[in-house]
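Keep in mind that the numbers below use all heavy atoms, side chains included, and drop hydrogens, waters and symmetry copies.
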Amino acid sequence: MNDADLPASAIECELGLLVRRAQSHGRELARRVHPELDLAAYLVMVRLDACGGERVSDLAAYFGVDKSVTSRQVAALEGLGMVSRTPDPADARAQQLRLTADGAARLRRVRTARRRQFQQLLVAWPAEDVSRFAGYLSRFNALY
């Protein structure tokens, strides 16, 4: 390995560790929302919360998965009372998925606790470093 490969190698290693830990922590967050919820469905809830509502096809495109995969996650969320379907105002043939009041409240409670945890982890960092870190993560994620 040459010197030019070292930063990329370090990024690969650190991202691998971050993803592994995030998945483990994400599964726990999903269970806090509802004991029967899995990580993928939790992430669908997070997306619906962020955008206010979307079609199944839009969710599938956002996550880069087949529509059938997203449909199964949505069906599970509907069964748990976390999401509901409403007619899409832009297309009467389509339906928008939205969080139910219960789903939104459960998600908000868990995400608030998670944000507090991030704040505690980063309390020793200067505010400017935290802002830069958030910006770098956003910029990196935009590449995908």
Side-chain angles (χ1 to χ4, degrees), residues 5-144:
D5 292 334
L6 291 176
S9 180
I11 289 169
E12 177 188 27
C13 186
E14 293 300 327
L15 279 177
L17 180 58
L18 177 64
V19 166
R20 185 84 139 172
R21 288 178 175 170
Q23 287 174 335
S24 176
H25 190 66
R27 284 188 290 276
E28 176 58 31
L29 291 172
R31 285 189 294 271
R32 287 186 200 167
V33 171
H34 191 284
E36 296 176 37
L37 199 65
D38 69 15
L39 176 58
Y42 170 80
L43 294 173
V44 167
M45 289 181 72
V46 169
R47 175 64 182 163
L48 290 175
D49 185 50
C51 67
E54 273 190 324
R55 299 176 186 183
V56 171
S57 57
D58 295 330
L59 285 168
Y62 176 79
F63 287 112
V65 298
D66 189 77
K67 187 178 169 184
S68 65
V69 172
T70 305
S71 292
R72 283 192 297 277
Q73 294 161 351
V74 167
L77 287 167
E78 284 180 301
L80 296 172
M82 301 290 119
V83 300
S84 63
R85 294 176 188 261
T86 59
D88 187 335
D91 182 353
R93 298 167 297 162
Q95 295 183 332
Q96 286 270 324
L97 301 165
R98 298 191 190 290
L99 293 177
T100 62
D102 182 45
R106 288 172 180 249
L107 182 65
R108 186 172 34 259
R109 186 177 66 247
V110 168
R111 293 188 79 202
T112 297
R114 185 176 192 194
R115 284 188 195 106
R116 276 193 220 110
Q117 186 178 34
F118 281 136
Q119 288 168 341
Q120 290 171 349
L121 286 170
L122 299 170
V123 71
W125 287 26
E128 188 176 295
D129 286 358
V130 175
S131 292
R132 278 193 193 119
F133 183 55
Y136 291 147
L137 285 173
S138 177
R139 189 169 148 196
F140 185 80
N141 281 327
L143 296 174
Y144 284 96

Does the side chain of [X] reach to within under 4.5 Å of the side chain of [Y], using non-hydrogen atoms?
X: Val74; Y: Arg85; answer: yes
X: Arg114; Y: His25; answer: yes
X: Leu137; Y: Phe133; answer: yes
X: Arg27; Y: Asp38; answer: no

Next on the checklist: Just checking Glu28: does its CD atom have more than 12 heavy atoms from other residues, nucleotides or ligands closer to it than 6.0 angstrom?
Outcome noted: yes
Minimum heavy-atom separation for [X] and [Y], please, with both atom names.
X: Leu107; Y: Met45; answer: CD2-O, 3.5 Å
X: Ala40; Y: Gln73; answer: CB-NE2, 3.0 Å
X: Arg55; Y: Leu97; answer: C-CD1, 4.4 Å
X: Arg111; Y: Asp49; answer: NH1-OD2, 3.3 Å
X: Ala41; Y: Leu37; answer: CB-CD1, 3.6 Å
X: Arg98; Y: Gly53; answer: NH1-CA, 3.6 Å

Checklist entry - Can you check whether Arg108's main-chain N or O pairs, donor with acceptor, with Thr112's side chain at less than 3.5 Å? => result yes
Checklist entry - Can any side-chain N or O of Gln96 pair as donor or acceptor with the backbone N or O of Glu54 at less than 3.5 Å? => result yes
[atom1] of [X] to [atom2] of [Y]: how many Å apart, nearest 0.5 Å?
X: His34; Y: Arg106; atom1: NE2; atom2: CZ; result: 5.0 Å
X: Gln95; Y: Ser57; atom1: CD; atom2: OG; result: 11.5 Å
X: Arg72; Y: Leu77; atom1: CZ; atom2: CG; result: 13.5 Å
X: Asp58; Y: Thr70; atom1: CG; atom2: OG1; result: 10.5 Å
X: Ser24; Y: Arg21; atom1: OG; atom2: CZ; result: 10.0 Å
X: Leu18; Y: Ile11; atom1: CG; atom2: CD1; result: 12.5 Å

Checklist entry - Regarding Asp66 and Ser68, is there a side-chain donor-to-acceptor distance under 3.5 Å anywhere? => result yes
Next on the checklist: Distance to the ring centre below 6.0 angstrom and angle to the axis at most 45 degrees; does that hold for Arg47 and Phe63?
Outcome noted: no
Next on the checklist: Run Leu48 and Leu59 through side chain to side chain contact (heavy atoms under 4.5 Å, CB included) and show every step you take.
Outcome noted: CA-CA 9 Å; Leu48 290 175; Leu59 285 168; 4.1 Å; yes
Next on the checklist: Would Tyr42 and Val46 count as a side chain to side chain contact (heavy atoms under 4.5 Å, CB included) here? Give the steps.
Outcome noted: CA-CA 6 Å; Tyr42 170 80; Val46 169; 3.7 Å; yes
